[in-house]
Amino acid sequence: MSQQQQNSNIPVSEVFWTLADKADKKFSNIRDLPYYQRSRHDTYFYKVFKVYTQLWKFQQENRQKLVEAGLKRWEIGDIASRIGQLYFGQYMRTSEANYLSESYIFYEAILTREYFKEGLFQDVNIANKQLRFLARFLMVCLVLNRREMVQQLVNQLKLLVDECKRTFQESDFKEWKLVLQEIVKFLKADTAFMNIRPLRYSLVLDPHPDTLPHVSAAITKRSLRLRDAVLSSFHQNEVKFSDITLDTFRMLQCLEWEPSGSFYQSAGSKLSQNGATGASRISYSQEIADPTLPANPRKAVLYRPSLTHFVAVLATICEELPSDGILLVYLSASGSCGAAKNESGCIPLGPRGDGGSNCVYPSDFLPFTRRPLLLVIDNDNSKAFKVISGAEKGESIAMLLSPSCSPPIASDSSSHISNGSLFTMFLTAPLQAFCLLLGFSGTDIDLDTYNKAEILLSSSLNNWGAALATMEALNPVWGQVLGDPFIRRILLRFMFCEAVLTSYAPARDKSEFLPTCVPSLPTPVLPSNNSYQNVILQLAGIFGASKYFVFSEDDLADKIQTNLEL
């Protein structure tokens with residue numbers, strides 16, 4: 001376009017604003033597209049990204065003339081912010097880590113170059129642009145687990161909101177006070193252990209997919225891969241930031257690969273090349289991608305969806321699911337509804353009093369059992385969904401169902417109350433869940449002690465996985481997904497959760513405190529197995545908490561304190 005401009009008499013500023021208007025219109029068209037219809041919208045993304053690439057390159061090549069013609073720094077920042085927003089939106093649609101990285105690069109450059117500084121306290125419009133930019137950058141840093149930058153941005157947001165309330169009408173910034181309260185509450189709940197181990201699948205800490213044991217062909221002749229996931233929650237007063245709750249945030253990370261080290265290197269200086277050409281973007285992506293690993297499973301995160309929206313998303317994703325794929329549906333909600341006719345119970349996705357129009361019944365999932373489905377339900381009424389098994393329409397369903405009641409915490413600590421679901425934490429951060437069950441916070445535990453326990457748990461889970469893969473009694477429903485690293489890891493952590501709660505004294509012999517696996521796992525891997533009890537015994541011993549566990553085997557019982565007074 002710059003070449004065309006040189007061959008014409010059209011002023012540079014007119015070319016720029018024409019291109020900016022075109023980009024703005026295309027951005028408006030894609031901004032409100034749903035994240036879950038990904039393959040249908042890829043062409044839209046590339047079209048709008050192409051226009052913004054041209055716009056960014058043009059303003060770089062003609063910066064001086066444009067500034068002389070009246071271009072403001074905040075307008076340049078606006079373009080960069082839109083590009084960062086586009087990248088993050090495409091990450092949410094595809095789960096591709098390079099898009100998340102690119103979003104970070106653009107946002108970090110806006111921060112360091114202070115594009116919105118000029119006129120910040122003279123123009124309420126510019127102030128709001130800076131606030132929106134900080135909030136969006138916060139979300140990117142949260143998902144990337146860039147906690148130092150998160151804290152820096154929170155501090156900036158606090159200062160800016162306070163200054164804006166003094167400078168402008170205070171009533172104009174009430175919503176930003178709520179945003180601040182959200183992020184502070186979120187960070188307080190999510191940093192109990194300072195995220196010692198990444199929630200993502202790390203090849204440093206987790207086995208490489210190529211090394212996972214194979215399930216015998218006598219059990220299953222096919223191997224499925226986790227291709228898509230729907231992550232949804234509905235709790236009253238749940239901890240969240242933007243439209244991502246603490247539980248869906250943990251599940252989202254748990255279903256991704258931990259990127260290589262170069263992914264975390266500050267690359268704000270790459271903005272000029274990055275925005276200018278697609279080629280440099282691709283080369284940077286190649287730096288962070290591990291070619292030996294498959295793509296991240298795509299994820300649709302739904303915050304408080306209506307039932308019709310929830311079902312529509314499931315239908316769309318099932319339609320796009322590859323032939324070798326399995327869909328994971330994670331549903332976390334509080335409360336339950338009375339059973340309707342021919343139903344065993346349901347889960348409300350809306351406030352009580354709406355007549356059950358937003359309740360999810362077990363039968364709502366039946367149409368989707370024509371494709372492989374893994375259902376993870378975290379709800380008091382989760383066991384009502386066991387009736388799906390045996391009523392499927394084509395594929396046998398796999399289910400991991402939470403306990404009906406949360407087990408009592410083994411201390412007077414109340415810090416666990418806002419830490420999200422304990423069951424979900426067992427699936428995403430099992431050692432943290434174990435510690436929280438015992439009433440410990442991160443400040444209570446020496447790092448060397450924690451690492452010792454982490455090594456023991458990791459090796460034990462790997463051993464359990466190897467044993468599970470060789471069992472002839474393994475149900476084909478689990479056999480066909482045991483080769484998928486993400487599902488395998490969640491299943492093994494579920495087994496750990498069940499073993500812990502089975503041996504946990506306050507929950508002992510009380511089925512309401514135990515999770516349920518459908519179809520059931522072979523008897524040798526049930527919690528009563530001596531090897532599983534021994535791992536729990538060792539972990540409890542590391543933290544000096546043996547008194548909170550009791551075992552059925554005499555040889556184990558002799559080794560532990562049986563003082564059950566908590």
Side-chain angles (χ1 to χ4, degrees), residues 35-36 92 95 143 190 199-201 224-235 238-240 243-256 296-307 309-318 321 325-336 346-349 360-362 364-365 368-369 371-386 388 397-403 406 419-430 433 478 481 484-494 497 515-518:
Y35 288 149
Y36 62 90
M92 291 297 289
S95 296
V143 177
D190 192 52
L199 298 186
R200 289 182 170 90
Y201 196 107
L224 298 178
R225 290 288 179 267
L226 179 61
R227 301 296 190 189
D228 279 271
V230 176
L231 312 177
S232 184
S233 68
F234 196 114
H235 292 268
E238 60 191 326
V239 178
K240 73 177 189 73
D243 287 341
I244 295 185
T245 68
L246 192 57
D247 289 336
T248 55
F249 173 72
R250 287 169 175 162
M251 286 298 295
L252 179 144
Q253 291 188 83
C254 183
L255 301 178
E256 290 189 354
N296 284 328
R298 299 186 305 176
K299 294 171 288 295
V301 180
L302 307 180
Y303 176 65
R304 298 197 166 192
S306 65
L307 175 66
H309 181 57
F310 182 72
V311 172
V313 173
L314 289 181
T316 302
I317 292 179
C318 278
L321 191 67
I326 182 171
L327 168 64
L328 183 152
V329 179
Y330 168 80
L331 178 56
S332 176
S334 56
S336 59
C346 65
I347 296 174
L349 285 184
V360 178
Y361 289 95
D364 289 324
F365 288 106
F368 308 109
T369 58
R371 304 303 304 275
L373 183 63
L374 169 58
L375 204 55
V376 180
I377 294 187
D378 193 345
N379 176 263
D380 298 346
N381 204 25
S382 62
K383 290 179 175 60
F385 288 75
K386 291 168 65 176
I388 300 174
I397 194 169
M399 289 184 281
L400 299 177
L401 309 174
S402 72
S406 296
N419 281 316
S421 162
L422 186 69
F423 178 67
T424 295
M425 184 174 279
F426 263 109
L427 301 183
T428 57
W478 294 118
V481 296
D484 180 88
F486 298 111
I487 296 180
R488 175 185 183 272
R489 191 169 67 157
I490 286 177
L491 179 60
L492 295 176
R493 289 171 172 181
F494 175 91
C497 174
T516 304
C517 178
V518 179

What's the separation between atom CD1 in I377 and atom CD1 in I388, rounded to the nearest 0.5 Å?
6.0 Å
Considering only heavy atoms from C-beta outward, does the side chain of V518 approach that of F385 to under 4.5 Å?
no
Lys/Arg-Asp/Glu bridge criterion (N-O < 4.0 Å) met for D190, R250
yes
S382 side chain near T516 side chain, heavy-atom distance below 4.5 Å
no
When rounded to the nearest 0.5 angstrom, what distance separates CG in L246 from OG in S421?
9.5 Å
Measure the CZ-CD distance between F486 and E256 for me, rounded to the nearest 0.5 Å.
7.5 Å
Can you sort out the partners of K383 under salt bridge (charged side-chain N to carboxylate O under 4.0 Å, His left out), two or more places apart, ordered by chain and number?
none
If we only count heavy atoms from C-beta on, is the D247 to Y330 side-chain gap below 4.5 Å?
yes
Smallest separation among heavy atoms of V230 and F310, with atom names:
CG1-CE1, 4.2 Å
Taking all non-hydrogen atoms of both residues, which atom of K299 and which atom of L252 are closest, and how far apart?
CE-O, 3.5 Å
Let me see the working for V360 and F365 under side-chain contact (heavy atoms from CB on, under 4.5 Å), right down to the final yes or no.
CA-CA 9 Å; V360 178; F365 288 106; 3.6 Å; yes
What I'd like to find out is whether the side chain of L307 reaches to under 4.5 Å of the side chain of D364, using heavy atoms alone.
yes
Sub-3.5 Å donor-acceptor pair from the side chain of N381 to the main-chain atoms of I347, do we have one?
no
Minimum heavy-atom separation for L224 and G325, please, with both atom names.
CD2-O, 4.3 Å
Under 3.5 Å donor-acceptor, D484 side chain and I487 backbone
yes
What are the two closest heavy atoms between H235 and S332, and how far apart are they?
NE2-OG, 2.8 Å
Got F494 and L427 here, is their nearest side-chain heavy-atom distance under 4.5 Å?
yes
Distance from S232 atom OG to R304 atom CZ, nearest 0.5 Å?
10.5 Å
Apply side-chain contact (heavy atoms from CB on, under 4.5 Å) to residues L327 and F368 and explain how you reach the verdict.
CA-CA 9 Å; L327 168 64; F368 308 109; 5.8 Å; no
Just so I know, are the side chains of L331 and N379 near enough to count as touching, which here means a heavy-atom distance under 4.5 Å?
no
Can you give me the closest heavy-atom contact between H309 and P305, atom names plus distance?
CD2-CB, 3.8 Å
Is the backbone N or O of T424 less than 3.5 Å from a side-chain atom of T428, with the two atoms forming a donor-acceptor pair by type?
yes
Closest non-hydrogen contact found for A300 with I317 is CB-CD1, 4.0 Å
Nearest 0.5 Å, please: how far is CG in L373 from CG in D228?
11.5 Å
Heavy-atom distance under 4.5 Å between the side chains of F423 and V376, does that happen here?
yes
Check the pair T248, S233 against side-chain contact (heavy atoms from CB on, under 4.5 Å), reporting the backbone distance first and the verdict last.
CA-CA 7 Å; T248 55; S233 68; 3.9 Å; yes
Do the side chains of C254 and R493 get nearer than 4.5 Å, heavy atoms only?
yes
CG (L226) and CZ (R488) are apart, to the nearest 0.5 Å, by 15.0 Å
Whether the side chain of S95 engages the backbone of P297 through a donor-acceptor N/O pair (distance < 3.5 Å, no angle test) should be reported.
yes
Any side-chain to backbone donor/acceptor pair from R371 onto L321? Under 3.5 Å, distance only.
yes
